[in-house]
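Read the structure below first, then the notes.
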Amino acid sequence: MIARHIEPELWDRLRTYPVVAITGPRQAGKTTLAKTIIAHWDKEAIYLDLELPSDLARLTHAELYLKENEDRLVVIDEVQRKPELFPLLRALVDQNRVAGRFLILGSASPEMLRQSSETLAGRISYLELTPFHLAELPDIPIKTHWLRGGFPPALLTNTDVQAFRWLEDFSITFIERDLPQFGLSAPAQTLQNLCLMLTGVHGNLLNHSSLANSLGVSMPTLKRYLEYLERAYFIRMLPPWFANVSKRVVKSPKVFYRDSGVLHSFAGIGDTQQLFGNRLVGASWEGYVIQQIIANLPPRVSPYFYRTSNGAEIDLVLVKGTQPWRTIEVKFGDQPTLSKGNHSALDDLGAPLNLVITLHPEDYPLAENIRVCGVREAAKYLVEE
């Protein structure tokens, strides 16, 4: 089994908090990770999958059942299917506040986040499990991971054909089953069309008006759809960084598919040759690198991008507190040179170190405080001093 990056932190939080939640998209590996914890837990544990009618029935009288098992670690999978559990968990924790009582897993529906944050404040700690990221995959080629994405059933299958068959089925299930379960009432064909449109704007500024008109919906409706997609970890809205109030900085976020395999599936890309010949290749590489970086950020470091009306731009700005800590420009081509707009942005931001990340496993200085490196090699520059 491939070790997950968050496992040590998960153990630490289970020893500290009464309730720990692992959130993340379906099929990212939450259940596998939870069962690994159960196998090594120092006391008895119970696993409940709320998508199984038999396990759901065990919580018909949830208070009685959970009180009878208060000395065990209770793992509740797909907890968003029973949001009424959250007030009960709060009451039970307050009656017997010890660490490691509940480990809950959920696909991060808006209802789940709202309920848990309101009722379990101060009692719960959240960890996000992404699909496999590059730091967890020392033996898998970057191009394979970039092409297929990080979902285990797609990444670890034998062929690209099998990978993209799974990704297509996953996307259909997400649109037709998962989003309605999360509370999004919308025609499946409309959501399918939206996902196809998002492939065309992946890595670009989000123009809500243009997208709403193309989809044939109102602006509030489009924003509601996008909010659900973002909270379900399907897309990422990367906000702009306002480094200087005197600069005319763009206000719109950039939008990315969080998983490169999902992007490629919607774009009709099925192998590396098709990827390298597709007009999306540069935007795809940018989104892939950004996801790998964000998945491994130190605590209290927040991601942004930077762009002004005068042409200054940087793909990723990592901010610690109120100051840019690192900047990252993603380059797909063989000559990782910085443009005039890139240099202007670096002057505006004043980060102590700036990285230019390429597809190649290189690591060398380009100028003072600027290094060219591969995405794996970048990791050593993103550790807090």
Side-chain angles (χ1 to χ4, degrees), residues 4 6 10 13-14 17-39 41 43-96 100-121 123-131 151-153 169-185 228-229 231-234:
R4 301 312 305 263
I6 71 166
L10 175 56
R13 298 196 191 190
L14 282 168
Y17 289 86
V19 186
V20 177
I22 306 175
T23 66
R26 289 186 186 273
Q27 300 292 328
K30 298 187 296 294
T31 301
T32 300
L33 178 57
K35 290 183 175 179
T36 300
I37 296 295
I38 290 171
W41 192 246
K43 60 181 180 180
E44 191 174 350
I46 296 172
Y47 172 79
L48 302 172
D49 182 352
L50 299 193
E51 291 201 325
L52 291 176
S54 57
D55 282 357
L56 198 57
R58 294 161 82 178
L59 294 179
T60 301
H61 301 288
E63 181 179 354
L64 178 61
Y65 181 85
L66 295 176
K67 278 187 174 181
E68 283 192 354
N69 292 285
E70 67 177 356
D71 294 329
R72 299 176 174 91
L73 171 66
V74 179
V75 181
I76 305 174
D77 204 344
E78 299 298 342
V79 70
Q80 74 276 350
R81 294 181 62 85
K82 201 171 176 65
E84 62 270 23
L85 280 177
F86 290 115
L88 175 60
L89 296 183
R90 179 198 58 78
L92 294 175
V93 165
D94 288 349
Q95 290 174 10
N96 182 21
R101 288 200 63 184
F102 300 101
L103 175 59
I104 61 177
L105 318 179
S107 301
S109 73
E111 179 67 14
M112 170 192 159
L113 295 175
R114 184 181 67 81
Q115 290 278 354
S116 61
S117 62
E118 285 181 359
T119 62
L120 286 169
R123 307 164 182 87
I124 188 170
S125 180
Y126 292 96
L127 280 172
E128 179 190 338
L129 183 69
T130 69
F151 284 104
D169 292 340
F170 169 80
S171 298
I172 291 172
T173 301
F174 176 79
I175 290 170
E176 296 184 356
R177 190 196 73 165
D178 295 345
L179 286 175
Q181 284 186 358
F182 294 161
L184 179 58
S185 57
Y228 273 86
L229 291 175
R231 291 192 178 185
Y233 298 116
F234 208 64

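By convention here, the first residue in the shown sequence is residue 1. Source: prediction; values computed, not measured.
- Put simply, the side chain of Leu105 does not reach to within 4.5 Å of the side chain of Leu33, judged on heavy atoms.
- A 4.5 Å side-chain heavy-atom check between Phe234 and Leu179 finds every atom pair outside the cut-off.
- Looking at Gln27 and Pro152, their side chains never come closer than 4.5 Å, going by heavy atoms from C-beta outward.
- Side chains of Leu56 and Lys82 form a contact here, defined as non-hydrogen atoms less than 4.5 Å apart.
- Aromatic rings of Tyr228 and Phe182 (six-membered ring for Trp) have centroids beyond the 6.0 Å cut-off, not under it.
- Rounding to the nearest 0.5 angstrom, the gap separating the CG atom in Leu127 from the CD1 atom in Ile6 is 5.0 Å.
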Exercise. Yes or no on side-chain contact (heavy atoms from CB on, under 4.5 Å) for Phe102 and Val93, after CA distance, side-chain angles and deciding distance?
Worked result: CA-CA 9 Å; Phe102 300 101; Val93 165; 4.1 Å; yes
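- Side chain of Arg26 to backbone of Ala232: no donor-acceptor contact under 3.5 angstrom is found.
- Using a distance-only test at 3.5 Å, with no hydrogens or angles considered, no donor-acceptor pair links the side chain of Lys30 to the main chain of Glu128.
- Under the 4.5 Å side-chain criterion, counting only non-hydrogen atoms from C-beta, Leu59 is in contact with Leu50.
- Put simply, CG on Asp94 and CG on Leu120 are 9.0 Å apart, with the number rounded to the nearest 0.5 Å.
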For this session: Start with the C-alpha gap between Leu85 and Ile104, add the side-chain angles, then the distance that decides, and say whether side-chain contact (heavy atoms from CB on, under 4.5 Å) holds.
Result: CA-CA 11 Å; Leu85 280 177; Ile104 61 177; over 6 Å; no
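- Side-chain contact between Val75 and Leu73 is present, with at least one heavy-atom pair separated by less than 4.5 Å.
- Contacts of Phe170 classified as ring-ring contact (aromatic ring centres under 6.0 Å, His included), with partners at least two apart in sequence or in another chain: Phe151, Trp166.
- Residues Leu89 and Arg101 are not in side-chain contact: their nearest non-hydrogen atoms beyond the backbone lie 4.5 Å or more apart.
- In plain terms, the two heavy atoms of Tyr65 and Asn69 that are nearest each other are O-ND2, 2.8 Å.
- Looking only at side-chain heavy atoms (C-beta outward), Arg58 and Ile46 come within less than 4.5 Å of each other.
- Heavy-atom minimum distance, Pro180 versus Ile175: CD-O, 3.4 Å.
- The minimum heavy-atom distance between Gly29 and Arg4, with the atom names listed, is CA-NH1, 4.2 Å.
- Counting all heavy atoms, side chain and backbone alike, Arg72 lies closest to Glu68 at NH1-O, 3.7 Å.
- Heavy atoms only, all atoms of each residue included: Asp49 and Glu78 are closest at OD1-CG, 4.1 Å.
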